[in-house]
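Structure record follows, encoded as structure tokens.
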Amino acid sequence: MKKEALEMAKQAYITESECIAEMANYFDEEAYAKAVELLKNAERIGTSGCGHSGIICQHFAHLMCCIEQPARFISPAEGPHGATGFLQQGDVMVFASRGGKTKELMVLVDICKKKGVKIITVTENLESPLAEAADVVLKQYVNRETDKYNCQGTTSSTSLAVIFHVLQTMLIEETGFKNEQFALVHPGGAVGERLNK
């Protein structure tokens with residue numbers, strides 16, 4: 001093992017932990033309250049992003065389903081080919097794009113606007129097209145990625161996941177979601193065994 005690899009491994013922990021600590025300074029109470037209100041009242045929730053953002057958006061859709069807020073990930077490739085039929089007026093679409101300029105997502109934005117679907121955007125760029133099109137914008141903060149070139153979607157993925165975790169945490173409180181409900185929809189695995197004892 002190269003000495004440099006071990007040094008970078010240790011630095012990765014520091015980089016990501018510092019990012020999470022700093023994120024609290026960008027917590028906009030009003031914006032998060034609006035986002036939670038939209039999510040709470042939506043019959044359906046869509047999520048979309050490209051690359052690493054898309055993968056974390058899939059995670060968010062699953063988090064929503066776990067607390068009985070029906071959600072699904074809509075692929076930027078499948079969205080313009082019928083998948084946005086999942087969304088109806090009054091529903092919510094969550095877009096994630098660090099730069100806020102992902103062209104593939106703008107097509108979905110146009111569809112959402114025409115259908116009366118509310119938009120929540122998570123981005124680092126508050127002046128981006130995706131931010132300007134949104135009903136609510138949640139600021140993403142990233143200090144740097146963990147690789148030496150500052151290019152791989154590492155810390156940025158963690159940052160996005162934390163934002164989604166915060167939203168789910170708030171929604172559990174706002175909706176009064178109970179562990180008994182989770183036990184019903186999650187009977188599998190060690191968690192299900194513990195919940196259903």
Which pairs, with at least one residue in residues 120-144 and sequence neighbours excluded, count as a side chain to side chain donor-acceptor pair (under 3.5 Å)?
-> R98-E124
In one Ile/Leu/Val/Met/Phe/Trp/Tyr side-chain cluster, 4.5 Å: V36, V92 = yes
Return yes if some donor-acceptor pair links the side-chain N/O of E145 with the main-chain N/O of T155 below 3.5 Å, else return no.
-> yes
In sequence, state the C-alpha distance, the side-chain angles, and the governing distance for I120 and L39, and then conclude on side chain to side chain contact (heavy atoms under 4.5 Å, CB included).
-> CA-CA 9 Å; I120 298 171; L39 293 166; 3.9 Å; yes
Hey, does the side chain of T146 reach the backbone of A12 with a donor-acceptor pair shorter than 3.5 angstrom?
-> no
Given the rule that I, L, V, M, F, W and Y join up when any side-chain heavy atoms are under 4.5 Å apart, are V94 and F27 in one cluster?
-> yes
Give, for atom CD1 of I172 and atom NZ of K178, the distance between the pair rounded to the nearest 0.5 Å.
-> 11.0 Å
By ring pair (Phe, Tyr, Trp, His ring centres under 6.0 Å) - contacts of F164 (at least two apart) = F60
With no hydrogens and no angle check, is any side-chain donor or acceptor of E18 less than 3.5 Å from a backbone partner on T15?
-> no
If two hydrophobic side chains count as joined below 4.5 Å and joins carry through other members, does I119 share a cluster with F73?
-> no
K2: partners by side-chain contact (heavy atoms from CB on, under 4.5 Å), with sequence neighbours left out | E4, A5
Near Q89 CD, under 6.0 Å, is it more than 12 heavy atoms from other residues, nucleotides or ligands?
-> no
What do you reckon, is NZ of K113 surrounded by more than 12 foreign heavy atoms closer than 6.0 Å?
-> yes
Can you tell me how far CG of L130 sits from CE of M106, rounded to the nearest 0.5 angstrom?
-> 5.0 Å
So, do P76 and C50 sit near enough that their side-chain heavy atoms are less than 4.5 Å apart?
-> yes
Kindly say whether G54 contributes a backbone atom to a donor-acceptor pair with the side chain of H52 at under 3.5 angstrom?
-> no
Minimum side-chain heavy-atom gap P70-E43 below 4.5 Å | no
Compare all side-chain heavy atoms of C57 with those of S48 and state whether any distance is below 4.5 angstrom.
-> no
Qualifying side chain to side chain donor-acceptor pair (under 3.5 Å) pairs, either residue in residues 163-177, two or more places apart | H59-H165
Partner residues of F86 under the side-chain contact (heavy atoms from CB on, under 4.5 Å) criterion, sequence neighbours left out = R44, R72, I74
Hey, does the side chain of D91 reach the backbone of V117 with a donor-acceptor pair shorter than 3.5 angstrom?
-> no
List, by chain and number, the other hydrophobic cluster members for V142, where Ile, Leu, Val, Met, Phe, Trp and Tyr join if side-chain heavy atoms come within less than 4.5 Å, directly or indirectly.
-> none
When clusters are formed by joining ILVMFWY residues with side-chain heavy atoms under 4.5 Å apart, either directly or through shared neighbours, do V137 and L38 land in the same one?
-> no
Rounded to the nearest 0.5 Å, the CG atom of N150 sits from the CD atom of Q152 at a distance of 10.0 Å
Where at least one partner belongs to residues 23-33, residue pairs that pass side chain to side chain donor-acceptor pair (under 3.5 Å), sequence neighbours excluded | E22-N25, E30-K34
Do the non-hydrogen side-chain atoms of F95 and M93 ever get within less than 4.5 Å of each other?
-> yes
Is there a donor-acceptor pair closer than 3.5 Å between any side-chain N or O of Q88 and the backbone N or O of G85?
-> yes
Linked hydrophobic residues, M1 as query - side chain contacts closer than 4.5 Å | L6
Supply the members, apart from I14, of the Ile/Leu/Val/Met/Phe/Trp/Tyr cluster built from side-chain contacts under 4.5 Å; use none for a lone residue.
-> none
Residues in side-chain contact (heavy atoms from CB on, under 4.5 Å) contact with H62, at least two apart in sequence or another chain | C66
Shared ILVMFWY cluster between L160 and L105, side chains joined below 4.5 angstrom?
-> no
Hey, could you give me the NZ/OG distance between K103 and S97, rounded to the nearest 0.5 Å?
-> 12.5 Å
Roughly how far, to the nearest 0.5 Å, is NZ of K118 from CG of N41?
-> 11.5 Å
With sequence neighbours excluded, give me every side chain to side chain donor-acceptor pair (under 3.5 Å) pair touching residues 75-87.
-> none
Can you spot which of I20, I56, L167 makes a side-chain contact (heavy atoms from CB on, under 4.5 Å) with V162?
-> I20
List in chain and number order the residues that pass salt bridge (charged side-chain N to carboxylate O under 4.0 Å, His left out) with E37, two or more places apart in sequence or in another chain; answer none if no residue qualifies.
-> K40
